[in-house]
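Accompanying notes for the structure given below.
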Amino acid sequence: MTLSEIQQQLRRLPSVDELLRHPLLAPLAGTGARPLLVESAREVIGSIRAQIRSGQASPPLEEIATRIQQSFQQRQRPNLRPVINATGVIINTNLGRAPLSQEALQAIAEVAQGYSNLEYELEEGERGQRHTHVRPLLRELTGAEDALVTNNNAAAVLLVLSALAPGREVIISRGQLVEIGGGFRVPDVMRQSGARLVEVGTTNRTRLGDYANAMSAETALLLSVHPSNFLITGFTESAPLSALAELAHSQGLLAVEDLGSGCLIDSAHFGLAHEPMPQESIAAGADVVCFSGDKLLGGPQAGIILGKREIIARIAKHPLMRTIRIDKLTLAGLEATLRHYQRNEAPERIPIWRMIALPQETLRQRAQQWMMQLRSRGVIAELLEGQSTIGGGSLPSETLPSTLLAIHEEASTSYPSLEALAKRLRSGDPPIVARILRDRLLLDPRTVLPEQDQMLLDGLRAALAPESSA
Ligand SMILES: *Cc1c(COP(=O)(O)O)cnc(C)c1O
């Protein structure tokens, strides 16, 4: 285009007011969302101006209006929204950890919709405690004398140490000074609580005698932290919790365990290593055990503290308790999740356990269906034997056999690289998160919820299509 043609095109661009009278936009222009629509129109006109200046012709009015409508919708889209997890990592912290059961969702919706007896004793008509909604269940499921719940397990650990060991010594094995991720480092949390860290043993070996030698008049408790996201193998030794508890009690001290995951059913029944269970820690004599609500428990984000009655009472009185209290929606979801364990239906009802329990044959059939559907639309995909993982600081290095859908680098010429394809998938609606292994993009059916199958296939087709606008 010549300079004067460019100037002419720029002059002919419709004004914002004209555009808002277009039939696609007029109904929105009369609502409270008009300012947002005006912003969208300005943005689109701005980008069209730049296009014209770089020598491209102006699009027709119809297309400009459509682009404004799309930009407007984009601005309305929630920032936090569902994604399809095709990574095969079941408890994916970055993707929100445990999806909730239908019953948990329903319980949350019902409590959220109106008022509830959150802190109200219905029988007496007086003030109550929010913990009472899950306390009996937690006692029944774990054998603990008493229980408390917090916002998450990191908060639970901080609270327990702040209440039980301020200004005093806490003895811990060097092999357990772990970092969980997201900046949660056990030594830092201990310091924050005002407790003094006393490290004993070595990275790979800590004996009961190491704890015994370190105990003094300053000691408040012995702390055991489950190494939940790594393995130390080979020449290793650690003191069993029961021995630690016995040693602590012999000197009038406490034994506390941060268990991490909160696995209430035996993971060994699902072809996995045995993840230590809260009921085992209670039986071993721990005075306090804490763990997450949204790891292998399969519920909402929460911290659960179990323990002896008088110790839990001391913890409950600490001022931090109020700052990290569990919210009512979480509490509703947590109670509904715990009820699944009470009815012995966790593997059928709780999504993460359903995923763990999926037989490989079912996974193979699903991956095969995906493959056929894609092939019928000209997308070359193949099946590949692979592994799903548990993730989220639970059962490190344990895998479950799965059948993956693999899209080869050369399956389509419409994207420059697998990274570009993965990015297109992530920018879809809903976004799809996959993994890349060498020259293939891999999608694991284990973590894709059954009701997401069609969305996944639509998303894949859109991302692989030559005309994809993503
Ligand atoms: C995950 C984990 C935590 C933190 O729990 P959140 O619920 O994520 O706050 C603390 N300790 C251990 C051992 C863990 O595995």
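Atoms within each ligand, like the ligands themselves, are counted from 1 in listed order. Starting from 1, each residue takes its place in the sequence as its number.
- Across all their heavy atoms, Leu221 and Ala165 have their closest contact at CD2-CB, 4.1 Å.
- Each ring pair (Phe, Tyr, Trp, His ring centres under 6.0 Å) pair with one or both residues in residues 351-373, not counting sequence neighbours, appears once here: Phe270-Trp353.
- In terms of polar-atom proximity, defined here as any N/O pair under 3.5 Å, Asp294 makes no such contact with ligand 1.
- The protein heavy atom nearest to atom 6 (P) of ligand 1 is Ser292 OG, 3.3 Å.
- Between the side chains of Gln70 and Gln74, no donor N or O sits under 3.5 Å from an acceptor N or O.
- Counting only heavy atoms of the protein, atom 14 (C) of ligand 1 lies nearest to Lys295 NZ, 3.0 Å.
- Tested against Ser101, the residues Arg349, His340, Gln106 include a single side chain to side chain donor-acceptor pair (under 3.5 Å) partner, His340.
- Partner of Asp146 under the side chain to side chain donor-acceptor pair (under 3.5 Å) criterion, out of Arg139, His131, Arg135: Arg135 alone.
- Remark: ligand 1 and Gly260 share no N or O pair separated by less than 3.5 Å (distance only, no angle test).
- Side-chain contact check for Gln279 versus Leu141: every heavy-atom pair is 4.5 Å or farther apart.
- Each of Leu272, Ile356, Thr389 was scored for a side chain to side chain contact (heavy atoms under 4.5 Å, CB included) with Glu398, with one residue passing: Leu272.
- Counting atoms of ligand 1 from 1 in the listed order, those under 4.0 Å from a heavy atom of Phe184 are 10 (C), 11 (N).
- Under the 4.0 Å criterion applied to side-chain N and carboxylate O atoms, Lys308 and Glu145 are not assigned as salt-bridge partners.
- A cation-pi geometry, defined here as NZ or CZ lying under 6.0 Å from the six-membered ring centre and within 45° of its normal, holds between Arg205 and Phe235.
- Look at Gln301 and you'll find every heavy atom at least 4.0 Å from all atoms of ligand 1.
- Proximity of Arg97 to ligand 1 is established by a heavy-atom distance of less than 4.0 Å.
- Residue contacts with ligand 1: His226 is placed with no nitrogen or oxygen under 3.5 Å of a nitrogen or oxygen of the ligand (distance criterion only).
- Of all protein heavy atoms, the one closest to atom 15 (O) of ligand 1 is Ser228 OG, 2.5 Å.
- From the protein, the heavy atom lying nearest to atom 10 (C) of ligand 1 is Asn153 ND2, 3.2 Å.
- Contact annotation: for Ala154 versus ligand 1, heavy atoms closer than 4.0 Å belong to both the backbone and the side chain.
- Contacts of Gln176 with ligand 1, taken as heavy-atom pairs under 4.0 Å, are absent altogether.
- Taking each of Asp258, Val178, Leu259 in turn, the one with a heavy atom nearest to atom 12 (C) of ligand 1 proves to be Asp258.
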